[in-house]
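In what follows, chains carry the letters A, B, and so on, assigned in the order in which the sequence lines appear, proteins first and then strands, with residues in each chain numbered from 1. Side chains included, hydrogens not; waters and symmetry mates left out as well; all remaining heavy atoms used.
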There are 2 protein chains.
Amino acid sequence: MTKNNTYKLTVCPMTYVLEILGDKWSFLIIRDMLFKGCCRYKQFIDSDEGVATNILADRLKKLTKHGLITQCKDPENGRQKLYHLTEKGLDLIPSILQLVKWSGHYDCNTVLSEKIMHYLNERFDEAVEIVRNEYLNNRHQPDQT
Amino acid sequence: MTKNNTYKLTVCPMTYVLEILGDKWSFLIIRDMLFKGCCRYKQFIDSDEGVATNILADRLKKLTKHGLITQCKDPENGRQKLYHLTEKGLDLIPSILQLVKWSGHYDCNTVLSEKIMHYLNERFDEAVEIVRNEYLNNRHQPDQT
DNA sequence: CTTAATAGCTTGCAATTTGCAAGCATTTTG
DNA sequence: CAAAATGCTTGCAAATTGCAAGCTATTAAG
């Protein structure tokens, strides 16, 4: 099976990531945290895609169990919880941006601004840093509706 | 919702890619084509993960419908079909390699060789080209078991 | 030419997962 | 204290999945 080729990348483990994120909703939850600043249950429910409440609860539990997000009580409102991405979760930004790039390129219904496409095409690593810093700088803010 | 921030990447379309690939099997099928040289029905069935035959047929149909793969008759054996990645499918290599990289980094059961991790970490674009060229050079070969 | 074997599916059915609606506990607001 | 909001949980119908069996077309063997 394995050829004696110096450059051949024969090993390609994806089962781990697909075990955690291989469904319709998990990636979207993380995307909503990164790009829409979602960090509360209600924000995810109100998000465009319309995830069912039991599915959301299940996925948040699963993502927490696998260490991609953390939960804590909102210090400003005790009936709310705050969900935040961990380092492990943030490290999915490159994967997510590649998927976004592919979608933007092949989905004719998607309009990605030229600037964003420029970043994704020519300065990918910068784009990753921008998204990451945006997230880290804006989280925990009192009102992010 | 959209802040007036020059660098904010607010639009993040992932629904398209998740519509096509947002399940347990689709990514694995493409991975098996890229990394294991799978191009026949039986090869996918015999692959480690054990996809059910009806699911495989459904996903191959779906991937074909969305233009990620093509089907043709095997010129050497009329009862076989050959499945090949299109440009659109090959353009998923960066996404897949990012997911592999993340899995390799966070799954302690996964052992990625240092050389592969080096490529993924330091020379990502090269790794993409290597995988792509490997695929293009090796497909259509008479026997790829 | 007949029979058997192989590849690529399709079909039937049970089990799991999803989606929707309703309900419930805790906290805050009036 | 009553009402509303938030973050869930529960029940149930509908959709999806997984397994086994079967079916068709092509090839191989006798």
Side-chain angles (χ1 to χ4, degrees), chain A residues 15 18-30 32-33 36-66 69-84 139-145, chain B residues 15 18-30 32-33 36-66 69-84 139-145:
Chain A
T15 43
L18 292 179
E19 216 172 273
I20 304 173
L21 297 158
D23 72 286
K24 194 180 163 188
W25 295 111
S26 303
F27 266 119
L28 286 178
I29 289 171
I30 294 185
D32 284 352
M33 296 178 81
K36 300 185 184 172
C38 291
C39 57
R40 298 187 188 91
Y41 200 87
K42 197 181 180 324
Q43 293 176 317
F44 293 110
I45 291 289
D46 293 345
S47 188
D48 290 338
E49 284 81 14
V51 61
T53 171
N54 54 343
I55 305 294
L56 177 62
D58 177 82
R59 295 302 187 277
L60 288 172
K61 211 176 286 175
K62 191 171 176 184
L63 293 174
T64 304
K65 178 184 134 204
H66 287 286
I69 64 175
T70 54
Q71 312 186 7
C72 65
K73 234 185 177 181
D74 185 345
E76 296 171 18
N77 188 335
R79 69 190 149 173
Q80 294 190 327
K81 269 189 188 176
L82 293 176
Y83 297 93
H84 288 303
R139 69 176 180 178
H140 271 285
Q141 303 298 69
D143 183 30
Q144 292 202 342
T145 309
Chain B
T15 43
L18 293 179
E19 214 173 275
I20 304 174
L21 297 158
D23 73 288
K24 194 180 163 190
W25 295 110
S26 303
F27 266 119
L28 287 178
I29 289 171
I30 293 184
D32 284 351
M33 295 178 80
K36 300 185 184 172
C38 291
C39 58
R40 297 187 188 91
Y41 199 87
K42 197 180 181 324
Q43 293 176 318
F44 293 111
I45 292 290
D46 293 345
S47 188
D48 289 340
E49 284 81 14
V51 60
T53 171
N54 55 342
I55 305 295
L56 177 62
D58 178 81
R59 295 303 186 276
L60 288 172
K61 211 176 285 176
K62 192 171 175 183
L63 292 174
T64 304
K65 178 183 132 201
H66 284 100
I69 64 176
T70 54
Q71 312 185 7
C72 64
K73 235 185 177 181
D74 185 343
E76 295 171 18
N77 187 335
R79 69 192 149 174
Q80 294 191 327
K81 268 189 189 177
L82 292 176
Y83 296 93
H84 288 302
R139 71 176 179 177
H140 271 287
Q141 301 301 67
D143 183 31
Q144 292 202 344
T145 309

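Comparing C:dT6, D:dG18, C:dT10 by their nearest atom to the side chain of B:K24 picks out D:dG18. When each of D:dT9, D:dT27, C:dC9 is scored by its nearest atom to the side-chain atoms of A:Y41, the top-ranked nucleotide is D:dT9. When each of D:dG7, D:dT26, C:dC9 is scored by its nearest atom to the side-chain atoms of A:Q80, the top-ranked nucleotide is D:dG7. The side chain of A:I55 lies closest to C:dG19 when the candidates are D:dT9, D:dT26, C:dG19. Comparing D:dT26, C:dG19, D:dT6 by their nearest atom to the side chain of A:W25 picks out C:dG19. Candidate nucleotides D:dT10, C:dT11, D:dT6 were compared by shortest atom distance to the side chain of A:N54, and D:dT10 ranks first.
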Self-check item: salt bridge (Lys or Arg N to Asp or Glu O under 4.0 Å) assessment of B:D74 paired with B:R40
Solution: CA-CA 9 Å; B:D74 185 343; B:R40 297 187 188 91; 3.6 Å; yes
Self-check item: B:Y41 and B:T53: CA distance, side-chain angles, deciding distance, side-chain hydrogen bond (donor to acceptor under 3.5 Å, both in side chains) verdict
Solution: CA-CA 9 Å; B:Y41 199 87; B:T53 171; 2.9 Å; yes
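As rounded to whole Å, 13 Å separates atom P of C:dA7 from atom OH of B:Y83. Distance, B:L56 CG to C:dA7 P: 14 Å, rounded to whole Å. Atom-to-atom, CG of A:D58 to P of D:dT10 comes out at 13 Å; the value is rounded to the nearest Å. Taking atom CG of residue B:D74 and atom P of nucleotide D:dA25, one finds them 19 Å apart after rounding to whole Å. Counting to the nearest Å, the C1' atom of C:dT6 and the CD1 atom of B:I45 are 14 Å from each other. Distance A:N77 CG to C:dT28 P: 6 Å, rounded to the nearest Å. The CD-P distance, from A:Q71 to D:dG7, rounds to 11 Å in whole Å. In this entry the distance linking CD of A:E49 with P of C:dT18 reads 17 Å, nearest Å.
Using a 4.0 Å cut-off between charged side-chain N and carboxylate O, A:K24 and B:D23 make no salt bridge.
Residue A:T53 is the one, among A:T53 and B:V51, whose nearest nucleotide of DNA chain D lies closer to the 5' end (criterion: closest heavy atom).
Scanning all heavy atoms of the two residues, the minimum distance from B:Q71 to B:K81 falls at OE1-NZ, 2.9 Å. The minimum heavy-atom distance linking A:I45 with A:A52 is given by the pair CD1-C, 4.5 Å.
A sub-4.0 Å separation between OP1 or OP2 of D:dT17 and a side-chain N or O of B:R59 is present. A close approach under 4.0 Å does not occur between any side-chain nitrogen or oxygen of A:K81 and OP1 or OP2 of C:dT26. Residue B:K61 places none of its side-chain N or O atoms closer than 4.0 Å to OP1 or OP2 of C:dC9.
A donor-acceptor contact under 3.5 Å is formed by the side chain of B:R79 with the base of C:dT6.
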